Number of protein chains: 4
Amino acid sequence: MSSKALAERAEDAPPRRGRRKEARPGELLDAALDLFVEKGFAATRSEEVAARAGVSKGTLFLYFPSKEELFKAVVRENISGRFAEWNEEFESFEGSTAEMVRYCLNVWWERIGATRASGITKLIISEARNFPDIAAFYHQEVIQPGMQLVRRILLRGVDRGEFRAVDIEYTIFSVIAPMIFLIMNKHALGACIPQDYPMDPQRYVNAQVEILLHGLCVPEKKA
Amino acid sequence: MSSKALAERAEDAPPRRGRRKEARPGELLDAALDLFVEKGFAATRSEEVAARAGVSKGTLFLYFPSKEELFKAVVRENISGRFAEWNEEFESFEGSTAEMVRYCLNVWWERIGATRASGITKLIISEARNFPDIAAFYHQEVIQPGMQLVRRILLRGVDRGEFRAVDIEYTIFSVIAPMIFLIMNKHALGACIPQDYPMDPQRYVNAQVEILLHGLCVPEKKA
Amino acid sequence: MSSKALAERAEDAPPRRGRRKEARPGELLDAALDLFVEKGFAATRSEEVAARAGVSKGTLFLYFPSKEELFKAVVRENISGRFAEWNEEFESFEGSTAEMVRYCLNVWWERIGATRASGITKLIISEARNFPDIAAFYHQEVIQPGMQLVRRILLRGVDRGEFRAVDIEYTIFSVIAPMIFLIMNKHALGACIPQDYPMDPQRYVNAQVEILLHGLCVPEKKA
Amino acid sequence: MSSKALAERAEDAPPRRGRRKEARPGELLDAALDLFVEKGFAATRSEEVAARAGVSKGTLFLYFPSKEELFKAVVRENISGRFAEWNEEFESFEGSTAEMVRYCLNVWWERIGATRASGITKLIISEARNFPDIAAFYHQEVIQPGMQLVRRILLRGVDRGEFRAVDIEYTIFSVIAPMIFLIMNKHALGACIPQDYPMDPQRYVNAQVEILLHGLCVPEKKA
DNA sequence: GATGAATGAGAGTTCATTCAT
DNA sequence: GATGAATGAACTCTCATTCAT
């Protein structure tokens with residue numbers, strides 16, 4: 001009991017180097033995400049995950065019955081079910097659709113792209129064919145809702161006469177592709193090759209948005 | 001004539017335990033490329049590569065001293081040093097820069113994107129951090145020359161007043177990103193998830209080009 | 001009482017899958033010495049060493065990173081650095097040099113020749129050319145100090161007028177050769193051929209010593 | 001018959017770089033002896049033997065059905081059946097037994113010790129326990145006749161009053177041990193360690209003989 | 001609960017041996 | 001006869017997983 005009290009206190013006061021039982025699975029998932037993204041599923045050793053999380057090999061298997069289940073948990077954990085929230089923002093957004101696109105991609109960068117969660121995208125791309133059910137899950141939970149959100153935005157632009165009457169289904173990819181590219185650069189080549197050109201993510205996102213909007217918007221006819 | 005017929009039949013069903021020293025490395029590299037792209041380096045078993053090439057485990061090691069060398073050979077073999085040729089085409093191209101962009105991406109799709117060589121891109125993205133020297137090699141042999149070619153095209157457009165004065169360095173990515181996206185779709189999720197939307201690569205490429213050119217071109221002032 | 005009985009029984013039949021981190025390396029080194037001496041390094045299978053030590057293949061590699069390192073550890077472990085002790089005995093020895101020679105070879109037989117450590121000599125002879133660095137190590141740690149000790153003994157004998165003025169450097173071999181021969185007999189042919197002549201090591205050593213001393217000593221001139 | 005004539009002619013006129021079919025097995029046996037002595041049976045690759053003999057892997061197996069049979073042939077080939085000849089020399093020897101011992105060991109050095117045949121001894125010692133039947137064969141063909149010859153020499157010395165009445169059986173080893181030691185030095189440590197002391201075989205043999213004879217001979221009573 | 005010693009199936013690699021050429 | 005490409009059994013070593021402590 002007194003130990004439980006201690007544990008609770010430990011939670012109140014941020015972890016002072018103490019091991020908090022409740023935090024273990026999360027720490028393992030964080031460690032696993034990093035390593036899976038870095039080396040791939042097969043090339044990551046379970047023991048390394050445990051070591052990075054500061055626990056022993058055995059403890060890992062106490063929380064996850066197998067390396068494969070760990071992988072699935074990593075994906076599940078890092079798939080933000082934030083589309084409900086984002087759809088709400090969409091509904092109540094009052095500015096122009098161009099502003100909406102700008103806002104949307106910047107928010108995406110802040111909340112996903114710049115965080116460890118972005119690693120999931122690289123992980124899925126690398127491992128999709130070894131874990132088709134995980135790929136299907138990701139497709140359903142992330143890709144479809146994401147595309148649907150983009151679709152609604154593009155439709156809004158076209159409906160309101162802000163955007164040209166482009167082929168919406170293919171234009172969705174014009175929004176998504178630069179983001180995928182940024183993540184791949186962050187987690188693959190960019191992570192191991194000293195870049196010979198500057199690559200500031202914020203500026204990159206803005207540049208892509210501007211090109212995209214130039215391509216989408218109807219020319220403003222000024223008297 | 002009958003000997004010719006025999007030869008043809010032999011081609012249909014290649015001889016088991018035949019001695020085909022010249023053909024083996026290529027067959028093994030083909031098999032290895034497929035499997036590495038499909039499952040990743042670590043998850044691909046040497047014996048599986050051999051089996052797909054129609055030889056035994058031992059034969060693989062007759063031609064490649066280790067699985068890692070096989071990997072490197074796969075990358076080397078499939079990295080086209082075609083930039084010289086493409087640069088020449090660039091020099092002698094006489095149409096508008098917009099036409100050049102259209103031509104360029106369509107040619108890329110035909111010669112790289114649609115072929116097995118495109119798998120290399122996925123492979124590199126997945127394995128870069130496990131093989132930094134291979135990543136560096138790819139960067140030097142493919143990414144840098146590729147970016148340089150795109151850079152020259154964009155500069156031509158801007159210089160000739162066809163394109164707006166965009167930030168060239170970041171705009172390069174607007175050309176590349178959709179192609180990377182297409183390859184990832186082909187070799188990762190798209191290869192294992194039944195797509196619920198149509199994805200015709202030719203139309204995809206054209207759609208991306210049109211959005212891009214809309215974003216790049218200065219509005220044509222008529223009369 | 002019953003618990004004590006149980007413990008004793010457990011000692012008789014050591015626990016399978018027991019955790020005995022301290023004891024393992026020694027048991028593995030013992031097993032490896034036996035097998036390397038018996039079959040040679042290359043012909044000894046790692047799994048066999050493990051099995052003789054009562055553990056599984058994997059456990060061997062838990063303690064030694066490779067078969068080669070196991071070999072080196074076997075040699076290191078069994079090379080007694082007892083020359084300091086023996087040199088002290090030499091310094092304080094008070095009898096005749098002939099007695100010293102007798103004492104010396106008998107002690108050698110008791111402490112080295114008759115023990116498993118003697119196998120190292122056969123091992124080194126068999127594997128020297130495959131492990132030149134190990135051979136050099138053995139030369140430095142065993143052969144040189146050993147020859148130096150014998151050299152000092154012979155010099156003492158000559159200096160004190162007990163031994164004839166023989167060529168010391170070559171006479172050293174007259175002391176060593178019979179010991180090497182005995183070990184080779186013990187671990188090579190003698191170990192697999194039913195000897196057709198009696199070979200009692202103790203008597204063998206004594207016989208060699210007597211021949212040797214007869215060869216070395218100056219004839220006692222009796223009035 | 002004509003092939004026999006050819007062989008003889010080939011012997012007369014030294015091989016002019018031409019491949020002589022008849023010589024193949026011999027070249028293979030020579031190569032095999034060298035390599036088996038150097039690296040041991042298990043660590044020697046068949047292909048290496050073939051390469052050193054200047055033929056292909058396949059050819060080796062044309063002459064010897066297996067690596068093991070090659071080993072046996074190497075031993076057989078290099079075991080001199082010269083004891084008949086030596087026994088004759090013994091019978092007709094007219095000098096003192098001491099001279100006989102000197103002569104005997106010097107001849108041994110010239111005809112065996114200094115030649116590649118001496119490698120067989122090291123080979124047998126290293127591999128005896130892996131090839132007990134070969135060991136038995138060697139014991140019967142070499143060790144027993146060799147010991148018998150030494151035995152007869154020692155008996156002659158004792159019978160004629162030249163040698164002391166030593167324990168003949170154990171004294172045999174005093175003759176053999178230095179020779180074994182010399183061979184071991186030549187083929188094991190001595191072959192891979194830069195000796196820090198001089199080791200002239202001829203002088204070594206003489207030194208051992210003199211010590212031995214001093215130990216054996218009855219003091220010459222002068223006057 | 002946590003640990004890490006122990007396991008053993010499985011992967012990469014070697015090499016004696018075969019056999020089509 | 002000679003060759004060397006091909007084979008596959010056997011070996012070293014790895015690592016996910018178990019379980020006694």
Side-chain angles (χ1 to χ4, degrees), chain A residues 3 19 21 24 41-51 54-70, chain B residues 15-25 42-50 53-70, chain C residues 15-25 42-51 53-70, chain D residues 19 21 24 41-51 54-70:
Chain A
S3 75
R19 294 271 123 236
K21 283 180 191 178
R24 290 273 164 75
F41 174 77
T44 297
R45 286 164 39 222
S46 298
E47 189 162 15
E48 209 176 349
V49 175
V55 299
S56 76
K57 217 172 9 178
T59 303
L60 171 61
F61 288 92
L62 219 56
Y63 291 102
F64 304 95
S66 72
K67 191 183 169 190
E68 202 159 324
E69 285 305 317
L70 172 64
Chain B
R16 193 88 332 198
R17 204 188 168 89
R19 8 175 72 208
R20 307 181 36 256
K21 196 184 184 182
E22 269 73 48
R24 291 287 185 238
T44 297
R45 292 181 5 226
S46 297
E47 191 161 14
E48 209 174 351
V49 175
V55 299
S56 76
K57 205 173 17 168
T59 302
L60 170 62
F61 289 93
L62 222 54
Y63 294 97
F64 303 95
S66 70
K67 191 184 168 189
E68 199 158 327
E69 284 306 316
L70 172 64
Chain C
R16 194 86 334 200
R17 203 187 169 89
R19 8 176 73 210
R20 306 182 36 257
K21 196 183 184 183
E22 269 74 47
R24 291 290 185 235
T44 298
R45 290 177 11 222
S46 298
E47 191 161 14
E48 210 176 349
V49 174
V55 299
S56 75
K57 205 175 15 170
T59 302
L60 171 61
F61 290 94
L62 221 54
Y63 292 97
F64 302 95
S66 72
K67 192 184 166 188
E68 200 159 324
E69 285 305 317
L70 172 63
Chain D
R19 292 272 125 238
K21 283 182 190 176
R24 290 274 164 74
F41 174 78
T44 297
R45 286 165 40 222
S46 298
E47 189 161 15
E48 209 176 350
V49 174
V55 298
S56 76
K57 217 171 8 178
T59 303
L60 171 62
F61 288 91
L62 220 57
Y63 290 102
F64 304 95
S66 73
K67 191 183 169 189
E68 203 159 324
E69 285 305 317
L70 172 64

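All figures in this text were calculated on a predicted structure; none of them were measured in a lab. Lettering of chains follows the sequences in order, A, B, ..., and the numbering in each one begins at 1.
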*asked:* With a 4.0 Å cutoff (strictly under), does any side-chain N or O of D:S56 reach OP1 or OP2 of F:dA2?
replied: no
*When all nucleic acid strands are considered with a 4.0 Å heavy-atom cut-off, which category describes D:K57: base, sugar-phosphate, or nothing?*
base
_Selected nucleotide, minimal atom distance to C:F61 side chain, candidates F:dT7, F:dG1, F:dT14_ = F:dT14
*Quick one: closest heavy-atom pair of D:S66 and D:F61, and the distance?*
CA-CE2, 4.0 Å
*In whole Å, what is the span from the CG atom of A:L70 to the C1' atom of F:dA16?*
12 Å
*So which heavy atom on A:K67 is nearest to which on A:T44, and how close?*
NZ-O, 2.8 Å
*Is any N or O donor-acceptor pair between the side chain of B:K67 and the base of E:dT13 shorter than 3.5 Å?*
no
*What is the base-pairing partner of F:dA20, counting Watson-Crick and G-U wobble geometry with both distances under 3.5 Å?*
E:dT3
*Tell me which nucleotide among F:dA5, E:dT7, F:dC11 gets nearest to the side chain of C:R45.*
F:dC11
*Within less than 4.0 Å of OP1 or OP2 of E:dA6, is there a side-chain N or O belonging to C:R24?*
yes
*For B:A50 against B:L60, the heavy-atom pair lying closest together*: CB-CB, 4.3 Å
*Take C:P65 and B:L60, find for each the nucleotide of DNA chain F with the closest heavy atom, and name the residue whose nucleotide sits nearer the 5' end.*
B:L60
*Base, sugar-phosphate, or nothing for B:S46, non-hydrogen atoms under 4.0 angstrom?*
sugar-phosphate
*When you match C:Y63 and D:A42 each to their closest nucleotide on DNA chain E, which lands nearer the 5' end?*
C:Y63
*asked:* Base, sugar-phosphate or nothing for B:F64? Non-hydrogen atoms, less than 4.0 Å.
replied: nothing
*Closer to the 5' end of DNA chain F via nearest nucleotide, is it C:L62 or B:G58?*
B:G58
*Provide, to the nearest angstrom, the distance between the CD atom belonging to B:E47 and the P atom belonging to F:dA10.*
15 Å
